[in-house]
Amino acid sequence: MPELPEVETVKRGIIELVGEKSYLKKVELMRQDLRFPIPPDLVRRFKNVEISNITRRAKYLMFHTPKGVLISHLGMTGTWREKEKGEKLRTHDHVLMHLKERILVYNDPRRFGSFEYCESENLDSFVRFKHLGPEPLDEEEFNLEYLWQKSRKKEIPIKNFIMDQKVVVGVGNIYAAEALFLSAIKPTRKTKSITKKEMESLIVNIRMVLESAIEAGGSSISDFKQAGGESGYFQNHFNVYGREAEDCFVCSAKIKNISIGGRSSFYCSRCQL
DNA sequence: AACAAGACCTGTAAGC
DNA sequence: TGCTTACAGGTCTTGT
């Protein structure tokens, strides 16, 4: 369940468990590839290294060490948990991080996730980060002037626009739908048709929905050991996502679900214009 | 350059 | 019950 708030929650959960600093004895791979081939020298490189910090960029989780930054993406179905003593490996457990006191396990049925690294602390040089837009919670970088300028001339649906990681990172299918609902904007609207006022509202609501979700995720941090943040969740607060044919909480009209860019897109046809 | 569609995978639920 | 199909939180690649 990894959009920005979920990855942030996982990050906080891991830090909660292992502390800011920890010691990585070794990385153990149960297979050599996930979405991409795992770099052949990754295991050698991250043997017996201090982890000085664990951070997040976009939907990527990063382990900082003197040997470089280990960078992992959860794809669609990636989860982290602590392996209990004597616990057997489960289906789709692909990567084990052997720390001093415990073992962290990365599980990912669909294998859309990834493990790569960046030699330098300068992460802009990392291929996958090259074209990433600003962090949505960074008010300096992600502001009206920026988004307005980017949005002019764009013919694509506004929902696709805010899900485009080159425009702004971290917003996926769920939170795009929720933010557009809060801003009363129909997801099919052409991006260039969005007014300045609407765009301002959208920025506020993207932040709001992500921050609320992070807060709600925060309550499930204790679940990290079990499942990797499955419960105690923000899903109880969805206004439109997954609510097809149910009543809109605001106007009682039936929530619709249409396909935009091949993704299910929930919205209220009365509230969102 | 901009955009749409296809591709990568497995698990689950719904439909017949 | 069993088989088939559609779909799922992402993003990279290919084609128009």
Side-chain angles (χ1 to χ4, degrees), chain A residues 1-11 30-38 56-61 71-80 90-95 106-116 126-133 136 149-181 187-193 206 209-210 212-214 216-217 220 227-245 257-266:
Chain A
M1 11 201 75
E3 294 183 37
L4 184 150
E6 289 70 35
V7 180
E8 180 64 26
T9 299
V10 168
K11 184 202 82 181
M30 310 313 291
R31 56 182 305 136
Q32 301 302 314
D33 63 298
L34 291 171
R35 165 132 202 220
F36 308 111
I38 296 171
R56 175 193 61 73
R57 166 79 171 115
K59 300 171 190 169
Y60 294 86
L61 196 58
I71 304 172
S72 166
H73 197 288
L74 300 171
M76 293 270 246
T77 51
T79 57
W80 284 88
R90 305 176 190 174
T91 314
H92 307 307
D93 282 347
H94 303 310
V95 179
Y106 177 75
N107 183 288
D108 186 359
R110 289 176 74 178
R111 305 204 300 275
F112 286 171
S114 62
F115 272 79
E116 294 172 298
F126 182 57
V127 204
R128 319 245 172 253
F129 288 7
K130 279 234 167 81
H131 305 290
L132 288 184
Q149 175 268 112
K150 275 245 156 184
S151 68
R152 297 305 83 191
K153 295 187 186 173
K154 286 278 185 198
E155 302 273 352
I156 55 172
I158 183 64
K159 174 161 176 276
N160 293 12
F161 181 69
I162 61 174
M163 286 174 66
D164 183 346
Q165 304 298 298
K166 293 191 286 299
V167 173
V168 60
V169 303
V171 181
N173 203 36
I174 293 176
Y175 298 108
E178 294 299 314
L180 286 166
F181 172 82
T188 50
R189 285 264 301 280
K190 278 187 181 180
T191 299
K192 68 177 185 185
S193 81
I206 285 172
V209 80
L210 294 178
S212 316
I214 290 171
S220 75
E230 193 76 30
S231 59
Y233 240 14
F234 188 71
Q235 63 243 20
N236 311 325
H237 304 296
F238 289 163
N239 281 297
V240 287
Y241 187 84
R243 297 195 61 241
E244 180 176 6
N257 176 12
I258 59 172
S259 180
I260 305 174
R263 315 293 302 273
S264 63
S265 306
F266 301 88

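A note on names: the letters A, B, ... follow the listed sequences, proteins ahead of strands, and every chain is numbered from 1. Just so you know, these numbers use all the heavy atoms, side chains as well, and skip hydrogens, waters and symmetry mates.
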- Does a nitrogen or oxygen in the side chain of A/Lys153 sit under 4.0 Å from OP1 or OP2 of B/dA2? no
- Closest to side chain of A/Glu3, choosing from C/dC12, B/dG11, C/dG9: C/dG9
- Query: Taking the side chain of A/His92 as heavy atoms from C-beta outward, which of B/dC3, B/dT10, C/dG9 is closest to it?
  - Reply: B/dT10
- Message: Is there, by distance only and without an angle test, a donor paired with an acceptor across the side chain of A/Arg35 and the base of C/dT11 below 3.5 Å?
- Response: yes
- Message: Rounding to an integer number of Å, can you tell me how far A/Glu155 CD sits from B/dA2 P?
- Response: 11 Å
- Note on the structure: For C/dG9, the nucleotide meeting Watson-Crick or G-U wobble distances (both under 3.5 Å) is none
- Determine the contact category for A/Tyr60: base if any of its heavy atoms lies under 4.0 Å from a base atom, sugar-phosphate if only primed atoms, P, OP1 or OP2 are that close, otherwise nothing. sugar-phosphate
- In whole angstrom, give me the gap between the P atoms of B/dA1 and C/dT11. 23 Å
- Query: According to a strict under-4.0 Å criterion, is A/Tyr175 in side-chain N/O contact with OP1 or OP2 of C/dG9?
  - Reply: no
- Is any N or O donor-acceptor pair between the side chain of A/Arg110 and the base of B/dC9 shorter than 3.5 Å? yes
- If you measure from the Lys or Arg side-chain nitrogens to the Asp or Glu carboxylate oxygens, is any gap between A/Lys192 and A/Glu155 under 4.0 Å? yes
- Task: Check the distance between C/dC12's P and A/Glu116's CD and give it to me in whole angstrom.
- Result: 9 Å
- So does A/Lys154 get a side-chain nitrogen or oxygen closer than 4.0 Å to the phosphate oxygens (OP1/OP2) of B/dC3? yes
- Using whole Å, report how far CG of A/Leu34 lies from P of B/dA7. 22 Å
- Round to a whole Å and report the spacing from CZ of A/Phe266 to C1' of C/dG9. 11 Å
- Message: With a 4.0 Å cutoff (strictly under), does any side-chain N or O of A/Thr77 reach OP1 or OP2 of B/dT10?
- Response: no
- Message: Given C/dG9, B/dT10, C/dT11, identify the nucleotide with an atom nearest to the side chain of A/Gln165.
- Response: C/dT11
- Query: Which base, if any, makes a Watson-Crick or G-U wobble pair with C/dT16, both distances under 3.5 Å?
  - Reply: B/dA2
- Note on the structure: note: A/Leu210, atom CG; C/dG9, atom P; distance rounded to Å ~ 16 Å
- OP1, OP2 of C/dC7 versus side-chain N and O of A/Ser259: anything below 4.0 Å? no
- Item | Geometric cation-pi criterion A/Arg57 and A/Phe126, 6.0 Å radius, 45° cone | no
- Query: Of all the choices, B/dC8, C/dC12, C/dG9, which nucleotide is nearest to the side chain of A/Phe112 once you look at every atom?
  - Reply: B/dC8
- Query: Residues in salt bridge (charged side-chain N to carboxylate O under 4.0 Å, His left out) with A/Glu8, at least two apart?
  - Reply: A/Lys11, A/Arg12, A/Arg56
- Once the angle between the rings of A/Phe115 and A/Tyr106 is folded into 0 to 90°, is it parallel (under 30°), tilted (30 to 60°) or perpendicular (over 60°)? perpendicular
- Note on the structure: note: A/Ile158, atom CD1; B/dA2, atom P; distance rounded to Å ~ 16 Å
- Item | Euclidean distance, atom CG of residue A/Asn160 to atom C1' of B/dC3 [Å, nearest integer] | 9 Å
- Going by atom types only, do A/Glu6 and A/Tyr175 share a side-chain donor-acceptor pair under 3.5 Å? yes
- Item | Gap in Å between the two P atoms, one belonging to B/dA14 and one to C/dG9, rounded | 16 Å
- Rounded to whole Å, the CE-P distance (A/Met163 to C/dG9) equals 8 Å
- Aromatic ring centroids of A/Phe266 and A/Phe238 under 6.0 Å? no
- Task: Go through C/dG10, C/dC12, B/dC9 for me and flag the one nearest to the A/Arg111 side chain.
- Result: B/dC9
